[in-house]
Amino acid sequence: MTMSAGWYLRRLSRMGPGEIGGRAGDAVRRRRWRSARPDCPAVTGARFTAVLPAGTIAAIPPDAAKRLITEADRLMDGHAEYFGVVRDDLDDPDWWCDPKTGRRAPWGYAFDVPYRNEDAVGDIKQIWELSRHQYLTVLAAAYAITGEERYAERVAGHLRSWWRANAPLRGVHWISGIELGIRLLSWVWIRRLLDGWPGAAGLFEDNPVALSQIWHHQRWLAAFPSRGSSANNHVIAEAAGQFAAACAFGWFPSSARWRADALRSLERHLRANTFESGLNRELATEYHGLVLELGLAAVAEADAAGVPVPESIRLVLLRMTDALAAVVDNRLRPPRQGDADDGHGLVVDGEGTDRWASLLATGDAVFGRLAWWPTVTGTDVRTPLLAALVRPYPEKGTAPAVTRPASRPDHFADAGMTILRGPAEIWCRCDGGPHGFLSIAAHGHADALSVEVRHDGVDVLADPGTYCYHGQPEWRQYFRSTLGHNTLRLDGADQSVSGGPFLWTRHAVSRVLAADTSEASAGGTARWCAEHDGYQSSVHRRRVELTAASQELRVVDEVRGPRRAVELAFHLGPAIAADLTGDRALLTWTRDGEDRSALLDLPGELSWVAHRGESDPPLGWYSAGFGRKEPATTLIGTGFADGAQGFTTVLRFHG
C-alpha cells in the first residue's frame with residue numbers, strides 16, 4: 001500500500017501548527033543524518049547492575065516454567081508462528097525477509113525505505129516482529145530457569161547476527177520508533193536474564209558493537225519522538241524503551257539526559273493516553289494491555305536502578321489495572337474493541353499463558369487486588385520477575401493517593417463503555433464513547449453504538465476484530481467499518497469517514513443518555529441508551545436492556561430523520577451455528593462439552609440474509625488475532641427507515 005498525494009493532504013489537515021513544525025524539523029534532521037553519523041562515545045568500565053534479586057527465579061511457578069521451556073525448545077528447533085504465518089527458519093533467520101510474501105526489504109538509508117509499499121518491501125509487520133527480539137527474551141528466560149548454556153549461546157548468536165546485518169540508520173529496522181523502543185526493552189531483559197552466563201558481559205557491556213547499537217537506538221529515540229496526532233501507544237513504547245535502556249545501560253555521557261527526558265515523556269503521555277476511569281483513550285483494548293505492560297516494565301527499571309518515579313505514573317498504572325479487572329468477562333477476556341495487532345511490551349512466557357490473567361496477577365503483586373476483582377487461577381513467568389523489581393504500592397506506612405473503587409465499576413462515562421452483566425455469565429459491552437484518540441483516531445473503528453455479547457466467555461454477538469493493517473486495503477476497510485460491527489448503517493456509509501488505514505477525517509460523536517446497571521444483580525433489568533451524529537441529517541439512537549430473570553437482551557434501534565436505506569448487522573462468533581428462518585435465528589454452540597442455545601428474534605421490518613466467508617466484498621468473518629481470519633455467520637437486515645422508525649431485536653438465552 002502506497003500513500004497518495006491526497007492521503008498526505010488529508011493527514012496534514014489533522015495536524016496542528018506545533019506538530020507541523022516538529023515534523024519539518026524531523027525532515028531536516030533526517031537529511032542531515034544521511035551523511036553525518038557520529039560514532040558511539042568511548043565507554044570504559046561499564047558494569048551491569050540491574051540484576052534480579054536473589055531467589056526470583058525460584059519463585060516462578062513450575063507449570064509456568066514448563067510452558068516457557070516448551071516454547072524455548074520450539075524456538076531452538078527453528079519454529080515459530082507470527083500473525084498466522086509459520087516460520088521454520090529461526091535457527092538462522094533472515095532479518096529482512098517477509099516469510100508471507102517471500103519479498104526481501106531493500107537496503108539503504110532507513111528513511112528512504114518505502115515500508116508502506118508491500119510490493120517493494122513485503123509485509124512490514126512480519127519483518128518487524130522478529131526484530132523486536134521478544135523470542136530472545138524467552139530464550140534468555142529459559143537459560144535463567146535451567147542454566148543450560150545452549151539457550152544463552154543461541155541468544156548471543158542471534159544478537160550478533162542482527163547487529164551485523166542492521167547497521168545504524170540502514171534498512172527497515174531503523175524506521176519506526178516503537179520498534180526501537182520495544183527492542184531496547186528486550187535487550188535490557190536479555191542482559192538481565194543472562195546475568196549468570198559467563199559470556200553476558202562480553203555480549204553487552206564489553207562489546208563495542210553492542211554499545212554502538214544501544215547508543216544509536218537511544219540517540220534515534222531522542223531525536224524522533226512520535227508527535228502530536230501520532231502520540232498514541234507508539235510514544236509510550238519509545239519512552240519506556242528509552243528510559244529502560246538509560247537506567248540499565250546508563251554508560252554514556254547522554255544517559256542521564258536521556259533518562260530524564262524519557263521519564264518526563266512517559267509521565268506526560270501515560271496521563272494523556274488514559275482516561276480518568278483507567279481505560280485507554282485509544283479505545284482499543286489490546287493497546288490498553290500494551291501500554292500497561294510497557295508502563296509496568298518502565299517502573300521496574302526505575303525501581304531496579306533507584307530512580308525516583310513521579311507518583312502520577314504509578315497512579316495511572318493502578319487505575320489501568322483496576323479498569324482491566326472491571327471490564328473482563330467471567331473467563332478473564334476483555335472487550336474486543338478497536339484495533340488489535342497482538343503487540344506485547346515484554347514477553348517471557350510460553351504459549352498458553354493468558355495475557356490478561358498475567359496482567360491482573362502482576363497488578364495483584366504490585367498494587368494489591370480488591371475484593372471485587374475476578375479470581376486469577378493461571379500462572380505466568382513475568383509476574384514474579386516484575387514483582388521482584390517493582391516496589392509494592394503503596395509503600396508500607398503510606399496511603400494511596402487515589403480512592404480505588406469499592407465495588408466493580410460497570411459504567412465508564414469518560415470512555416463511553418458500559419458493561420451489562422446477567423445470570424449464567426451473560427456479558428454485554430455497549431459502546432457510546434468517543435470515536436478514538438487524537439485527531440486521526442488511528443486505532444478506532446466506525447463502531448458507534450455497537451454491542452458485544454458473550455455467554456460464559458463465548459462470543460455470541462461478536463466484534464469481528466482487526467485481521468490486518470497494511471497491504472490489503474479492502475480487508476482493512478471491512479474490519480474497521482460500520483458494517484463490520486454490531487450496529488446500524490445508513491445509505492451504505494460509515495458513521496465516521498476514513499482517510500486512510502490509520503486516519504479518520506470525520507469522527508462520529510456519541511453520547512450516552514442513560515446507563516443504569518443497578519438492577520441487574522438483583523434479578524431486575526439493566527438499561528443503556530445512547531445516540532450518535534455520524535449520519536448528519538439523521539440520528540441513530542439505540543436502547544439496550546438486559547433482564548436477568550428471563551435471560552433476555554433487548555436492542556431497540558431508532559432512526560430519526562428523512563427516509564434512509566438501513567442495514568442492521570449482527571456478527572456471530574465462530575463457535576455459533578445459526579439456523580435463520582425469516583426473521584428468527586436459532587443459535588447453537590457447545591461450551592465445555594455442553595450444548596447451549598439462544599433464540600434471536602430480528603426486526604420483521606427488515607429482510608434478513610445470512611452471510612458467511614464472503615470475499616467480494618468481504619462479509620462474514622472473524623479475526624481471532626492479527627493476520628488470522630475464519631468464516632463466521634453475519635446476519636444482515638436491509639430495508640428503510642422513515643421518520644422515527646424503530647427496530648427491535650431480542651436475544652433470549654435458554655437456561
Side-chain angles (χ1 to χ4, degrees), residues 40-41 43-53 56 132-134 136-137 140 144 177-178 180-195 200-201 203-207 210-223 225 235-270 291-314 316-317 345-348 362 366 382 385-393 395:
C40 170
V43 174
T44 58
R47 293 175 55 246
F48 183 82
T49 59
V51 298
L52 289 169
T56 299
R132 290 186 171 188
H133 290 168
Q134 292 175 325
L136 295 181
T137 56
I178 188 174
L180 276 74
I182 290 177
R183 192 155 53 238
L184 277 177
L185 186 59
S186 295
W187 292 353
V188 168
W189 274 91
I190 289 168
R191 176 61 184 88
R192 174 175 290 128
L193 292 165
L194 293 184
D195 191 60
L203 180 62
F204 280 94
E205 56 264 35
D206 295 338
N207 181 0
L211 293 172
S212 176
Q213 286 278 349
I214 293 167
W215 183 82
H216 277 286
H217 271 65
Q218 294 187 81
R219 176 176 179 258
W220 193 108
L221 290 171
V235 78
I236 302 292
E238 293 159 10
Q242 173 85 304
F243 180 72
C247 286
F249 302 146
W251 307 319
F252 309 102
S254 297
S255 291
R257 175 172 56 83
W258 287 337
R259 184 167 55 242
D261 290 348
L263 186 58
R264 279 193 295 269
S265 177
L266 185 66
E267 193 275 338
R268 173 189 170 196
H269 290 292
L270 270 177
V291 168
L292 182 53
E293 289 170 354
L294 292 167
L296 289 168
V299 170
E301 296 308 326
D303 289 354
V307 176
V309 172
E311 202 61 20
S312 57
I313 289 180
R314 297 181 196 270
V316 168
L317 299 176
L346 174 65
V347 179
V348 285
T362 303
V366 173
R382 188 176 61 191
L385 298 184
L386 288 175
L389 299 177
V390 179
R391 63 174 174 82
Y393 178 81
E395 289 185 284

Drop me the distance from [X]'s [atom1] to [Y]'s [atom2], to the nearest 0.5 angstrom.
X      : Y      : atom1 : atom2 : answer
Thr362 : Glu293 : OG1   : CD    : 9.0 Å
Phe48  : Asp206 : CZ    : CG    : 13.5 Å
Ser254 : Arg219 : OG    : CZ    : 10.0 Å
Ser265 : Glu238 : OG    : CD    : 7.5 Å
Leu389 : Thr56  : CG    : OG1   : 7.0 Å
Leu185 : Ile190 : CG    : CD1   : 10.0 Å

Between [X] and [Y], which heavy-atom pair has the shortest distance, and what is it?
X      : Y      : answer
Pro225 : Ala222 : CD-O, 4.0 Å
Leu221 : Gly177 : CD2-O, 3.6 Å
Glu267 : Ser312 : OE2-OG, 2.6 Å
Ala297 : Leu386 : CA-CD2, 4.2 Å
Gln218 : Ala246 : OE1-N, 3.4 Å
Ala248 : Val188 : CB-CG1, 3.7 Å

Between Leu136 and Trp187, is the side-chain contact (heavy atoms from CB on, under 4.5 Å) condition met? List the steps.
CA-CA 9 Å; Leu136 295 181; Trp187 292 353; over 6 Å; no

Do Asn207 and Gln213 touch side chain to side chain, with heavy atoms closer than 4.5 Å?
no

Check: Val348 and Thr137 side chains under 4.5 Å, non-hydrogen atoms:
yes

Does Glu301 pair with Arg259 as a salt bridge, N-O distance under 4.0 Å?
no

Does this structure show an ion pair linking Arg264 with Asp261, if we count only N-O contacts that are shorter than 4.0 Å?
yes

Hey, mind stepping through Trp189 and Leu52 against side-chain contact (heavy atoms from CB on, under 4.5 Å) and telling me if it holds?
CA-CA 10 Å; Trp189 274 91; Leu52 289 169; 4.3 Å; yes

Look at the rings of Trp215 and Trp258 and say which category their plane angle falls in: under 30° parallel, 30 to 60° tilted, over 60° perpendicular.
tilted

Pair Leu263, Ile313 - check side-chain contact (heavy atoms from CB on, under 4.5 Å), show working.
CA-CA 9 Å; Leu263 186 58; Ile313 289 180; 3.7 Å; yes

I'd like to know if the side chain of Arg183 reaches the main chain of His133, judged simply by a donor and an acceptor atom lying under 3.5 Å from each other, with no hydrogens or angles considered.
no

When you measure from the side chain of Arg382 to the backbone N and O of Leu346, does any donor-acceptor pair fall under 3.5 Å?
yes

Could you walk me through whether Val366 and Val299 satisfy the side-chain contact (heavy atoms from CB on, under 4.5 Å) test, starting with their C-alpha distance in whole Å, then the side-chain angles of each, then the deciding distance to 0.1 Å, before giving a yes or no?
CA-CA 11 Å; Val366 173; Val299 170; over 6 Å; no

